[in-house]
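Below is one structure, written out as structure tokens; the observations come after it.
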Amino acid sequence: TNPEILRNFCIIAHIDHGKSTLADRMLQATGVVTPREMKAQYLDRMDIERERGITIKSQAVRMPWEVDGQAYALNMIDTPGHVDFTYEVSRSLAACEGALLLVDAAQGIEAQTLANLYLAMENELTIIPVLNKIDLPAANPDKYAEELANLIGVEPEDVLRVSGKTGEGVEELLDRIVELIPAPQGKADAPARAMIFDSVYDSYRGVVTYVRVVDGQLSPRQKIKMMSTNAEHDLLEIGVISPEPKPTKGLGVGEVGYLITGVKDVRQSRVGDTVTSSHKSATESLGGYEDPKPMVFSGLFPIDGSDYPLLRDALDKLKLNDAALIYEPETSAALGFGFRCGFLGLLHLEIVRERLEREFNLDLISTAPNVIYDVVDEHGDARRVTNPSEFPDGKIATIREPMVACTIIAPAEFIGAIMELCQSKRGQLGGMDYLSEDRVELRYRLPLAEIVFDFFDQLKSRTKGYASLDWKFDGEEEADLVKVDILLQGEKVDAFSAITHREKAYSYGVMMTGKLRELIPRQQFEVPIQAAIGSRIIARENIRAIRKDVLSKCYGGDISRKRKLLEKQKAGKKRMKMVGRVEVPQEAFIAALSSS
Ligand code: GTP
């Protein structure tokens with residue numbers, strides 16, 4: 001295809017501003033999908049995505065569109081909408097020349113609108129500002145057109161107004177894409193170079209890799225090479241998606257499509273890597289490749305210990321589809337055998353956990369998430385700690401923790417509440433700007449560890465749901481951190497150890513010991529519950545002793561009733577874990593870990 005007739009674009013938006021709905025309308029308007037075939041949100045293939053209403057995996061669709069009798073091919077690249085997947089978003093953007101900056105006409109600019117806009121600007125994309133949902137009674141397009149125009153430096157009249165629901169304005173938008181977004185440029189006779197912007201495991205076909213060709217040509221049956229690893233694969237199929245995969249005779253400069261090589265693991269076909277041909281290889285890759293960096297770690301344990309092999313198989317399968325997921329076996333005295341897993345962020349953790357439970361039928365318990373710490377002990381030995389159990393016991397010279405740069409957008413009336421929250425989370429205010437007279441953008445630098453728990457929930461509840469949050473990794477900083485252990489009758493319960501800031505150690509200790517006192521049944525003897533930093537006890541609770549004689553009620557009763565009671569007690573024991581001499585029902589561990 002002549003690159004002159006190609007337009008590659010993506011839609012960037014804050015979550016729920018209507019990206020998928022608008023994409024659906026464009027598929028309809030261009031005739032790629034007939035109304036009868038139209039499922040709601042055609043592009044969101046996975047069940048979980050549909051149920052949660054979020055897009056995890058991007059896809060690319062080719063749509064024909066005619067302007068003044070000239071046929072064009074528009075490639076729409078769908079980007080994941082959540083902060084955990086920023087790197088994937090940035091690669092999708094790098095595959096485009098233009099971006100529709102979509103903003104809900106009843107909400108205005110939100111944190112991820114900005115984050116995505118900055119990514120698009122870094123990639124030098126042409127930005128088309130679009131207000132969506134103009135059909136809503138609460139829409140205020142004039143106000144938000146001005147906000148948007150101020151942000152990107154255009155006139156308010158240049159902001160398009162559409163409704164993904166009614167289809168209003170969609171055809172005009174397609175015309176504007178052709179008019180405003182530049183055609184791709186590249187060297188047709190140079191060695192092939194294509195960037196991978198997505199890679200999806202399919203149980204029938206193996207890995208389907210989405211690419212954008214920059215230079216040269218990729219054709220069926222040639223041998224290709226992944227430039228980050230030099231691994232070679234046979235190209236079994238190459239084509240475009242419109243809206244189902246259609247094999248083609250190849251992909252040339254500026255084209256977007258998929259390729260299949262028969263590899264079975266997305267790790268062999270990584271997002272951000274450059275594909276070239278084996279016999280006429282490019283010498284320089286396209287750049288921008290990064291290994292996925294897990295930022296949040298948590299232990300996953302089967303509630304039923306005999307499910308451990310199932311969990312291992314399930315993780316092996318999920319890994320084929322998720323290059324960012326890492327895990328290794330872990331044993332916990334309290335929870336038994338499980339895995340220590342690394343995730344891009346909290347949402348990624350939740351998605352993996354949910355898929356394990358839903359697709360593999362596993363009941364799981366996950367330990368409190370923590371981040372990676374760089375710890376140097378008194379002998380100068382450095383280590384990276386992803387699990388409180390790896391925290392050195394002796395004296396520590398320095399600890400560094402990961403930091404994030406946060407952007408929060410909210411109505412101005414909530415500034416005080418937001419500042420209070422961020423301060424309590426050890427945040428440093430970086431700056432504040434008014435987007436319009438009643439809406440502000442606050443920039444904070446915060447420890448990642450402080451936002452991985454319930455930061456977003458707290459932010460929402462303090463701002464009546466009006467605040468939006470985006471964050472990105474922003475280096476590391478030294479901090480005064482300690483490990484708090486929880487002891488039952490002097491025995492450490494590993495699953496409850498936590499790394500916290502020294503000033504927060506006491507409240508963690510009080511909270512955890514108090515919770516466990518409520519959850520652990522009384523035993524035949526007194527059980528002290530303690531929180532400790534090293535050998536220093538910082539909090540203590542007591543479970544008083546009882547004499548529990550289950551048969552006492554049955555004096556004179558018939559023998560079968562006694563036997564039943566004994567059996568019931570035995571069955572109950574199976575779900576007990578022993579910590580030293582203390583019997584703890586597994587539910588107590590689960591309850592203590594879940595509602596942090
Ligand atoms: P992610 O893909 O998860 O980032 O969300 P999204 O931006 O794609 O949002 P989605 O298309 O799922 O739309 C979010 C909600 O807004 C849904 O309930 C849609 O039905 C609704 N919606 C989208 N576009 C319009 C519109 O033009 N008008 C109205 N009234 N509702 C809309």
Side-chain angles (χ1 to χ4, degrees), residues 9-29 33 35 38-61 76-90 92-93 96 99-117 119-120 128-141 144-145 148 159-174 197-198 200 243 344-348 350-351 354 409 456 460 465-466 468-471:
F9 72 98
C10 54
I11 308 177
I12 54 181
H14 190 73
I15 208 144
D16 279 345
H17 281 201
K19 192 175 58 159
S20 305
T21 308
L22 179 63
D24 287 349
R25 282 297 87 65
M26 292 199 202
L27 291 179
Q28 254 178 336
V33 184
M38 193 79 229
K39 284 182 270 178
Q41 299 183 1
Y42 197 90
L43 296 175
D44 288 355
R45 306 237 165 173
M46 288 162 67
D47 278 357
I48 294 187
E49 291 188 16
R50 194 158 303 169
E51 275 169 35
R52 288 181 168 239
I54 53 168
T55 310
I56 303 164
K57 278 290 174 189
S58 46
Q59 298 239 331
V61 191
M76 173 165 58
I77 294 174
D78 196 21
T79 57
H82 191 274
V83 285
D84 281 8
F85 304 97
T86 301
Y87 177 66
E88 295 191 11
V89 178
S90 82
S92 301
L93 297 183
C96 301
L100 312 185
L101 183 65
L102 190 70
V103 170
D104 186 324
Q107 306 275 326
I109 293 162
E110 297 287 5
Q112 280 146 249
T113 318
L114 285 186
N116 286 324
L117 172 64
L119 283 177
I128 301 183
V130 183
L131 283 178
N132 187 32
K133 307 197 189 183
I134 53 166
D135 62 288
L136 283 178
N140 192 346
Y144 293 121
L148 202 46
V159 177
L160 292 184
R161 300 178 180 200
V162 305
S163 164
K165 188 175 176 189
T166 65
E168 190 182 343
V170 171
E171 301 200 343
E172 193 198 338
L173 173 59
L174 289 161
F197 62 87
D198 200 5
V200 186
L344 295 172
L346 268 202
L347 181 82
H348 187 209
E350 273 177 48
I351 289 167
E354 200 168 312
I409 294 181
F456 191 53
K460 283 275 177 196
Y466 282 114
S468 63
L469 167 74
D470 190 85
W471 55 267

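Read the numbers this way: they start at 1 and go in the same order the structure lists the ligands and their atoms.
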* Asked: For Lys165, does the NZ atom have more than 12 heavy-atom neighbours from other residues, nucleotides or ligands under 6.0 Å away?
  -> no
* Can you sort out which atoms of ligand 1 are near Leu136, meaning under 4.0 Å from one of its heavy atoms? => 30 (N)
* Thr79 side chain to Ile11 backbone, donor-acceptor under 3.5 Å -> yes
* **Numbering as shown, the atoms of ligand 1 that approach Lys133 to under 4.0 Å (heavy-atom distance)** => 15 (C), 16 (O), 21 (C), 22 (N), 23 (C), 24 (N), 25 (C), 26 (C), 27 (O), 28 (N), 31 (N), 32 (C)
* To do: Taking all heavy atoms of Glu110 and all of Tyr466, pick out the closest pair and write down the distance.
  => OE1-O, 4.3 Å
* Considering only heavy atoms, does Ser163 approach ligand 1 within less than 4.0 Å through its side chain, its backbone, both, or neither? -> both
* To do: Could you tell me whether Gly18 and ligand 1 have an N or O pair separated by under 3.5 Å?
  => yes
* Asked: Against heavy atoms of Ser20, which atoms of ligand 1 measure under 4.0 Å?
  -> 2 (O), 6 (P), 8 (O), 11 (O)
* **Asn132 and ligand 1 - part of the residue with a heavy-atom distance under 4.0 Å** => side chain
* Hey, does Cys10 have a side-chain heavy atom less than 4.5 Å from the side chain of Cys96? -> yes
* Asked: With a cut-off of 4.0 Å, which atoms of ligand 1 are near a heavy atom of Gly164?
  -> 26 (C), 27 (O)
* Per atom 14 (C) of ligand 1, closest listed option by heavy atom (Asp16, Ile134, Ile15) -> Asp16
* Measure the shortest side-chain to side-chain distance between Leu173 and Leu100 over non-hydrogen atoms and say whether it is less than 4.5 angstrom. => yes
* Structure fact -> Rounding to 0.5 Å, atoms CG (Leu136) and CG (Asp104) come to a distance of 6.5 Å
* **Residue Phe456 excluded, over 12 heavy atoms near CZ under 6.0 Å** => yes
* **Element-labelled atoms of ligand 1 that are located less than 4.0 Å from some non-hydrogen atom of His17** => 7 (O)
